[in-house]
Amino acid sequence: MGLVNVALTRNRAARMHIKEITQRGSKMLFFIDQPQVCHIQALSKRYKNRIRFVDTGKRHFAVALDKKQLPAQLMLEVIDLMAAAQ
């Protein structure tokens with residue numbers, strides 16, 4: 001993913017109130033200030049047992065990567081899904 005695409009993706013993520021995106025092992029962590037019900041519902045429906053929401057400490061949700069999925073693909077997929085849910 002090129003630098004311009006990364007910048008555009010992070011800009012879109014900021015509109016979804018995502019402050020930080022990191023990878024830890026086989027999971028992508030999305031740190032969010034204000035999770036909205038519509039986002040939680042859409043993410044839960046799409047990722048079922050691959051997602052975990054954490055409301056203690058630094059609020060975030062973690063999505064496990066599929067075996068053949070690249071982190072950049074998952075990041076775009078999550079942001080697109082959240083944008084469509086609004």
Passes side-chain contact (heavy atoms from CB on, under 4.5 Å), Ile21 versus Ile79? Steps please.
-> CA-CA 11 Å; Ile21 302 170; Ile79 293 168; 4.2 Å; yes
Just jot down the side chain to side chain contact (heavy atoms under 4.5 Å, CB included) partners of Leu70, sequence neighbours excluded, or say none.
->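 Result, side chain to side chain contact (heavy atoms under 4.5 Å, CB included) vs Leu70: Gln73.
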Side-chain heavy atoms of [X] within contact of [Y], under 4.5 Å:
| X | Y | value |
| --- | --- | --- |
| Leu65 | Lys27 | no |
| Leu29 | Gln23 | no |
| Leu74 | Tyr47 | yes |
| Met82 | Ile18 | yes |

Give the minimum heavy-atom separation between Ala85 and Ala42, together with the two atoms involved.
->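 Minimum heavy-atom separation between Ala85 and Ala42: CB-CB, 3.7 Å.
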So which residues get pulled into Val54's cluster when ILVMFWY side chains under 4.5 Å apart are joined, directly or through others?
->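 Listed partners: none, Val54 stands alone.
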Report the distance from atom [atom1] of [X] to atom [atom2] of [Y], rounding to the nearest 0.5 Å.
| X | Y | atom1 | atom2 | value |
| --- | --- | --- | --- | --- |
| Asp80 | Met75 | CG | CE | 10.5 Å |
| Leu81 | Met16 | CG | CE | 10.5 Å |
| His60 | Asp55 | NE2 | CG | 10.5 Å |
| Ile51 | Leu43 | CD1 | CG | 4.5 Å |

Identify, with sequence neighbours excluded, every residue that meets salt bridge (Lys or Arg N to Asp or Glu O under 4.0 Å) alongside Arg10.
->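 Listed in chain order: nothing, the list is empty.
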Residues forming a salt bridge (Lys or Arg N to Asp or Glu O under 4.0 Å) with Lys68, sequence neighbours excluded =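 So Lys68 forms no salt bridge (Lys or Arg N to Asp or Glu O under 4.0 Å) with any residue.
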Is there a donor-acceptor contact under 3.5 Å from the side chain of Arg59 to the main chain of Asp33?
->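 The answer is yes, because a donor-acceptor pair under 3.5 Å joins these two groups.
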Give a yes/no verdict on a cation-pi contact between Lys58 and Phe31, requiring under 6.0 Å between NZ or CZ and the six-membered ring centre and an angle within 45° of the axis.
->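 Yes; both conditions hold, so Lys58 lies above the ring face of Phe31.
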Determine whether more than 12 heavy atoms belonging to other residues, nucleotides or ligands lie under 6.0 Å from atom CZ of Arg50.
->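 Buried by this count: over 12 neighbours within 6.0 Å.
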Mind checking ring pair (Phe, Tyr, Trp, His ring centres under 6.0 Å) for His39 and listing every partner two or more places apart, or none if nothing turns up?
->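 Once residues adjacent in sequence are excluded, His39 has no partner under the ring pair (Phe, Tyr, Trp, His ring centres under 6.0 Å) criterion.
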Name all residues meeting the ring pair (Phe, Tyr, Trp, His ring centres under 6.0 Å) criterion together with Phe61; count only those two or more places apart in sequence or in a different chain, and write none if there are none.
->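 So Phe61 forms a ring pair (Phe, Tyr, Trp, His ring centres under 6.0 Å) with Phe30, Phe53.
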